[in-house]
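These numbers come from the heavy atoms of this one structure, side chains and all, not from hydrogens, waters or symmetry mates. For clarity, every value in this text was computed on a predicted model and none was experimentally measured.
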Amino acid sequence: MKMEKATTAIEQTMVYLENYRELKRYVKEAVSESEQIDTREYNISAEKAYLKSIRECRAETVILLEHIDRAMRSLEVDAIAEGEGYKYDVLKAVYINGKTYADIAREIGCGKNSPKKWCRAMIPKLTIKLFGAKALENYENCIEIENNLNKTG
């Protein structure tokens, strides 16, 4: 039996960031109320349980997004205080606004690899804000992953 590797906090942070815009879309567009459905086409009474499940998923997603947004605001404050606001701005541009590293490099006139490096510098800090002590439990794994990412690109 093959054992699966546990996901580290930093890997989970990456999953959240990479899917942030899609999670926002889900919250906005999820059909979770019977009023959103053309009742002439469907048997709504049979769908009540499913709609409840969607409402629960939507609520969990809203809470997760609020947690991410608060962590991002805290990261922004810290980055500005450390004179690294530009790194935060790049992280937000890539993951929240959907820009590419190349777009950012062109816009701000930096080297082509700089935006990616700046994001990598911010992600461990965001991970601690998202996962607290759990992020520290995996800290050595996070450093190893970050080092491997830096070697590959």
Side-chain angles (χ1 to χ4, degrees), residues 2-37 50-153:
K2 182 180 177 184
M3 293 191 58
E4 292 187 29
K5 182 184 138 223
T7 304
T8 65
I10 201 163
E11 290 168 330
Q12 193 62 45
T13 299
M14 289 299 301
V15 170
Y16 291 160
L17 288 172
E18 290 167 353
N19 292 285
Y20 182 88
R21 291 183 315 282
E22 189 61 26
L23 290 169
K24 284 283 195 181
R25 187 199 61 77
Y26 173 79
V27 167
K28 183 178 176 185
E29 297 177 7
V31 176
S32 59
E33 304 300 327
S34 57
E35 297 80 32
Q36 295 174 280
I37 302 169
Y50 187 67
L51 291 173
K52 181 179 182 232
S53 172
I54 294 172
R55 278 192 298 277
E56 290 169 357
C57 289
R58 186 176 179 274
E60 287 176 21
T61 305
V62 166
I63 291 167
L64 174 63
L65 287 169
E66 181 60 26
H67 184 58
I68 293 168
D69 290 344
R70 287 181 185 200
M72 289 290 289
R73 286 191 296 272
S74 176
L75 180 65
E76 179 182 26
V77 168
D78 291 353
I80 290 169
E82 294 170 9
E84 296 183 333
Y86 63 96
K87 290 180 182 179
Y88 170 83
D89 292 340
V90 169
L91 181 77
K92 184 176 178 184
V94 170
Y95 293 104
I96 307 303
N97 301 330
K99 291 189 175 187
T100 66
Y101 294 128
D103 290 341
I104 294 165
R106 238 185 338 273
E107 286 176 15
I108 63 175
C110 65
K112 68 177 184 168
N113 295 327
S114 294
K116 190 173 189 176
K117 288 178 183 176
W118 296 336
C119 285
R120 286 188 186 144
M122 290 284 105
I123 289 170
K125 295 175 183 184
L126 180 61
T127 299
I128 292 170
K129 292 179 181 302
L130 288 173
F131 293 97
K134 184 177 178 183
L136 297 177
E137 289 173 10
N138 296 323
Y139 186 74
E140 287 183 18
N141 291 338
C142 295
I143 297 301
E144 182 180 329
I145 290 166
E146 186 177 350
N147 289 337
N148 289 337
L149 287 172
N150 288 332
K151 288 177 187 175
T152 61

Margin query: Distance check, rounded to the nearest 0.5 Å: Lys92 atom NZ versus Arg73 atom CZ?
Written below: 9.5 Å

Check: Can you tell if the side chain of Tyr88 reaches within under 4.5 Å of the side chain of Ile80, non-hydrogen atoms only?
Finding: no

Check: Which pair of heavy atoms, one from Val62 and one from Val27, lies closest together, and at what distance?
Finding: CG2-CG1, 3.6 Å

Checklist line | Close side-chain approach of Leu91 and Leu75, heavy atoms under 4.5 Å | finding: yes

Checklist line | Euclidean distance, Thr127 OG1 relative to Leu136 CG, rounded to 0.5 Å | finding: 10.5 Å

Item checked: Rounded distance [0.5 Å steps], OG1 in Thr100 versus CD in Glu107 -> 8.5 Å

Checklist line | Residues in salt bridge (Lys or Arg N to Asp or Glu O under 4.0 Å) contact with Lys87, at least two apart in sequence or another chain | finding: Glu84

Item checked: Met14 side, atom CE; Tyr95 side, atom OH - distance, nearest 0.5 Å -> 3.5 Å

Notebook entry, point to check: With sequence neighbours left out, what residues match Glu76 under salt bridge (Lys or Arg N to Asp or Glu O under 4.0 Å)?
Noted result: none

Notebook entry, point to check: Side chains of Glu11 and Val15: does their closest heavy-atom pair fall under 4.5 Å?
Noted result: no

Item checked: Heavy-atom side-chain contact between Tyr20 and Asp69 under 4.5 Å -> yes

Checklist line | Stepwise salt bridge (charged side-chain N to carboxylate O under 4.0 Å, His left out) test for Asp103 and Arg106 | finding: CA-CA 5 Å; Asp103 290 341; Arg106 238 185 338 273; 2.6 Å; yes

Item checked: Cys110 vs Tyr86 side-chain heavy atoms within contact, under 4.5 Å -> no

Check: Do Lys125 and Asp78 come close enough that some side-chain heavy atom pair is under 4.5 Å?
Finding: no

Notebook entry, point to check: Which residues pass the salt bridge (Lys or Arg N to Asp or Glu O under 4.0 Å) test with Glu22, sequence neighbours left out?
Noted result: Arg25

Next item on the list: Find the distance between CD1 (Ile123) and CD1 (Ile128) and round it off to the nearest 0.5 Å.
Entry: 13.0 Å

Item checked: Minimum-distance pair of heavy atoms, taken over all atoms of Ala71 and Leu130 -> CB-CD2, 3.6 Å

Notebook entry, point to check: Do you know the tightest heavy-atom contact between Arg21 and Asn97?
Noted result: CD-C, 4.0 Å

Check: Which atom pair, heavy atoms only, marks the closest approach of Ala105 to Lys112?
Finding: CB-CA, 4.1 Å

Note to self: How about NZ on Lys99, more than 12 heavy atoms from neighbouring residues, nucleotides or ligands closer than 6.0 Å, or not?
What the structure shows: no

Notebook entry, point to check: Out of curiosity, Leu65 CG to Leu23 CG, how far, rounded to the nearest 0.5 Å?
Noted result: 5.0 Å

Checklist line | Short side-chain to backbone donor-acceptor contact, Ser74 and Arg70, under 3.5 Å | finding: no

